[in-house]
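Please read these numbers as outputs of a predicted model, since none were measured by experiment.
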Amino acid sequence: MRKIDIFDTTLRDGEQSAGVNLNTAEKLEIAKQLERFGVDVMEAGFPAASPGDLDAVRQIASTIKNSSVTGLARLVKSDIDAAWEALKVAECPRLHVFIATSPIHMTYKLKQTPEQVVETTVQAIKYAKQFFPIVQWSAEDASRSDPDFLAHIVEQAIKAGASVINLPDTVGYATPQEYGAMFKYMKENVPNVDQVKLSTHCHNDLGMAVANTLAAIENGADQVEGTINGIGERAGNVALEEVAVALYTRKDAYDIQSGLTLNEIKRTSQLVSQLTGMAIQANKAVVGKNAFAHESGIHQDGVLKEPTTYEIITPELIGEESNNLVLGKHSGRHAFNDRAKSMGFQLDKEALNQAFKEFKQLADRKKEITSEDLWTILTQQQLKDEDAAIYELESVQVHYGTEDSPMATARVKVPDGRILEDACNGAGSVEAIFNTLERIIDGKVHVLDYRVSSIGKGRDALGEAVINLTFNGEEFTGRGAAQDVLEASAKAYLNAINRNLLQSKMKQLISTSV
C-alpha cells in the first residue's frame, strides 16, 4: 500500500482566514496537537511577515520533534534568510518557496516574463539549498498555467535542487478531471520528475477541494497539503480529516494510506475550532456534530439493527466520545488529573489546581459535567499565561425590562490592583455591556462580528462567546466561556482587548531588542 505524506498548513494558510489571529501560545498548542495527529510536515507560518511570526515559527521549530517544520518564503533572499533564522533550530528544517506560473499572475501581478520567472526560481532554490536540506517549490496558480511551460519550470526547479514540487489549485478553479490530468502530464513530460515528490494543494472555492485532491493522488501525487476543518482564506482549503478518512474508508478503491492517527481527528478539529473562533458547521463531513446523528425513523431503525446500514464511519474511528457524564462534583483531584492527562493536556501543578477549582465550582452549579466542559476549562488554563489579563472581569450586571433600556454595570480589575467600575445603556443587554466596557478601557472599539453558542447540551450548558473587533485600528478575536452568556460575552470582549494590548507590548519588546 502506497503511503502519502500529510502537509498541514493550518498555522499558515489556515490562519489567513478572515478574523483569525492566533497568538504564539495558541499556535504552539495547535502544533503539538498536529504532532500527536501524526502530520509529516507542518507549515508554522511566514517568518518574513513580521518579527512576531518569526518568533512563533522559531518556538514551534524548537518544540516539535516528530514532524518536519517548515515556513513559507517568497523567492527573495531576505525571506529565505528570515526563514532560516526561524527554522535552523528544527529537527528537520525545510523551506517552502513559491512563485506564480499562470499567464494572468505573471502578467498582472509579477509583471515578469516566463523566462524571468524561471530564472528567479532557479536562483532562489540554489540559494535556499545552502541552508535547507529540503526545499519545496510551489507553482502558484498551477492549475491555470500553460502545461508545457509548467513542465519546463518544474524541470528547472528540480535541477536547481527542489525536493518537493507543489502544484496548487490556488483559486479552486480546476475540475477533478483537469487537476488529475495536470499531475499525469507532469509525470509523463518532466524527465527528472522521479527525483521529487509531487504535492497537491487545493482550495475549495467551487466545493471540489477533496475531489481534486483525490484525483491528484490517483495520478501520482505523493503529498497532500491542507488544513484542519478546511479553514483558510476565501472558501478555505481541503479539509485534511476528510481526505484521511476517505482514504481509510475507501482503501479498496485507493490502496493508499497516510500516517495519521485517525482517533485524534476529533480532538484536533475541536482545538482548531476553539482557538480560531471558527465554528464547524453541523453537517460538515467527518467532524460536524450531526455527522453521526440520525433523525429519520427509517435511518434510526436501520442503524439499530445494523450500524453499517447508514454509518460508513464509526464515531470511534475519529475519536468521537459520547456526551455522557465523565466527572461529577464528588470526583477527586486524582481522577481529575488523570482525566486531564488522558485528554492530552500537560499542565503544571498551579494550572491543574486552578482548573480543578473551576471544575468544582462548575460541578456545584451544573447537573452534568461533559467532555466539552472539561475541554474548555483545561484549554483556558493551558493558555492562561499567554492571555494574561491586563483587564480582568470582576463582575457584570444587567438591569433589563421589556419597557426599559438595558443598563449594564461592570467592574474590571487592572494589573496595579485597582478596580474600575462604570455603567452604560444600550439598545440590548449585550450592547449595554460592550458600551460599558468600552468606557472602562478608554478606547475606540468597533465590533465586526459576535456570536454565542452552547458547549454541550442542556439548559445548564456552558455558553461560549466569540467576538471579532477592532481596537486601536487592529483586528482581534476574543473568546469567553461561562454559564451565563452575558458573562461569557463580557469575557470575550476583554479577551480581544487584552490580546491586542499584549501583542503591542511584544512588538515594542522585539523592536527594542533589535
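For the 3.5 Å distance criterion, the side chains of Q281 and N283 qualify, holding a donor opposite an acceptor. Side-chain atoms of Q270 and R267 form no donor-acceptor pair, as typed in the model, at a separation below 3.5 Å. A donor-acceptor contact closer than 3.5 angstrom is absent between the side chains of H399 and D404. No side-chain donor-acceptor contact under 3.5 Å links E225 and T9. H201 and D169 are not linked by any side-chain donor-acceptor pair at a separation below 3.5 angstrom, with hydrogens and angles left out of the test.
Residues N263 and E316 are not in side-chain contact: their nearest non-hydrogen atoms beyond the backbone lie 4.5 Å or more apart. In this structure, the side chains of I419 and E394 come closer than 4.5 Å at one or more pairs of heavy atoms. Between D141 and F98, the closest side-chain pair of non-hydrogen atoms is not below 4.5 Å. Contact check for T436 versus F434: no side-chain heavy atoms found under the 4.5 Å cut-off. Looking at heavy atoms from C-beta onward, V272 lies in side-chain contact with I231 at the 4.5 angstrom threshold. Counting heavy atoms from C-beta outward, R418 and K413 have side chains that stay 4.5 Å or more apart. The closest side-chain heavy-atom distance from V69 to E91 is not below 4.5 Å. Side-chain contact between F356 and Q381 is absent, with no heavy-atom pair separated by less than 4.5 Å.
A distance-only check finds a donor-acceptor pair linking the side chain of T70 to the backbone of R94 [under 3.5 Å]. A donor-acceptor pair under 3.5 Å links the side-chain atoms of T314 to the main chain of L317, judged by distance alone. In terms of modelled atom types and a separation under 3.5 Å, the side chain of N204 and the main chain of M208 share a donor-acceptor contact. A donor-acceptor pair is defined here as one N or O able to donate and one able to accept, closer than 3.5 Å; no such pair exists between the side chain of T379 and the backbone of T376. No donor-acceptor distance shorter than 3.5 angstrom exists from the side chain of N495 to the backbone of G480, with no hydrogens or angles considered. The backbone N or O of V39 lies less than 3.5 Å from a partner atom in the side chain of S67, making a donor-acceptor pair. A donor-acceptor pair under 3.5 Å is absent between the side-chain atoms of S138 and the main chain of E140, judged by distance alone. Judged purely by atom type and a 3.5 angstrom limit, D13 has no side-chain atom pairing as donor or acceptor with the backbone of G232. The backbone N or O of L22 lies less than 3.5 Å from a partner atom in the side chain of E15, making a donor-acceptor pair. Using modelled atom types, one side-chain atom of S50 and one backbone atom of D53 make a donor-acceptor pair closer than 3.5 Å.
To the nearest 0.5 Å, atoms CZ (R499) and CG (L494) are separated by 13.5 Å. Rounding to the nearest 0.5 Å places CD1 of I30 at 10.0 Å from CD of Q274. Put simply, CG on N229 and OG1 on T10 are 8.0 Å apart, with the number rounded to the nearest 0.5 Å. The CG atom of L462 lies 11.0 Å from the CG atom of D484; values are rounded to the nearest 0.5 Å. Within the model, atoms CG of L54 and CG of L87 stand 8.5 Å from one another, a figure rounded to the nearest 0.5 Å. Taking CZ of F37 as the reference point, atom OG of S269 lies at 9.5 Å (rounded to 0.5 Å).
Nearest heavy atom pair, residue I455 against residue A481, reads CD1-CB, 4.3 Å. In plain terms, the two heavy atoms of A432 and G426 that are nearest each other are CB-N, 3.7 Å. Contact record, I6 with D40: N-OD2, 2.7 Å, taken as the closest heavy-atom pair. Shown here for M407 and A423, the closest heavy-atom pair between the two residues is SD-CB, 3.9 Å. Across all non-hydrogen atoms, the minimal contact from V171 to R234 is CA-NH2, 3.3 Å. Minimum interatomic distance between T227 and E241 (heavy atoms only, all atoms of both residues): O-OE1, 4.0 Å.
Using a 4.0 Å cut-off between charged nitrogen and carboxylate oxygen, E35 and K65 do not count as a salt-bridge pair. One finds no salt bridge joining K341 and D338 here, because no Lys/Arg side-chain nitrogen approaches an Asp/Glu carboxylate oxygen to under 4.0 Å.
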- Task: Please assess R479 against E26 for the test salt bridge (charged side-chain N to carboxylate O under 4.0 Å, His left out), listing each intermediate value before the final yes or no.
- Result: CA-CA 12 Å; R479 301 181 305 275; E26 290 165 340; 2.9 Å; yes

- Message: Checking E475 against N21 for the side chain to side chain contact (heavy atoms under 4.5 Å, CB included) test, could you report, in this order, the C-alpha distance in whole Å, the side-chain angles of both residues, the deciding distance, and whether it holds?
- Response: CA-CA 8 Å; E475 185 176 331; N21 192 309; over 6 Å; no

- Query: Yes or no on side chain to side chain contact (heavy atoms under 4.5 Å, CB included) for I318 and F292, after CA distance, side-chain angles and deciding distance?
  - Reply: CA-CA 11 Å; I318 66 165; F292 302 101; 3.7 Å; yes

- Would L240 and V224 satisfy side chain to side chain contact (heavy atoms under 4.5 Å, CB included), going step by step from the backbone distance to the final call? CA-CA 8 Å; L240 286 177; V224 170; 3.9 Å; yes

- Message: E421 vs R411, test: salt bridge (charged side-chain N to carboxylate O under 4.0 Å, His left out). Steps then yes/no.
- Response: CA-CA 4 Å; E421 184 173 0; R411 288 166 53 86; 3.4 Å; yes

- Message: Using the rule given for side chain to side chain contact (heavy atoms under 4.5 Å, CB included), can you reason through L501 versus I497, listing the C-alpha separation, both sets of side-chain angles and the distance that settles it, and then say yes or no?
- Response: CA-CA 6 Å; L501 296 173; I497 300 300; 4.0 Å; yes

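When ring centroids are compared, F359 and F336 come within the 6.0 Å threshold.
Enclosure of atom NZ in K289 is not indicated, since only 12 or fewer non-hydrogen atoms of other residues, nucleotides or ligands lie within 6.0 angstrom. For OH of Y450, the number of neighbouring non-hydrogen atoms (other residues, nucleotides, ligands) closer than 6.0 Å is greater than 12. More than 12 heavy-atom neighbours from other residues, nucleotides or ligands sit within 6.0 angstrom of CD on Q361.
Annotation: cation-pi pair R12/F7 absent, no NZ/CZ under 6.0 Å from the ring centroid and within 45° of its normal.
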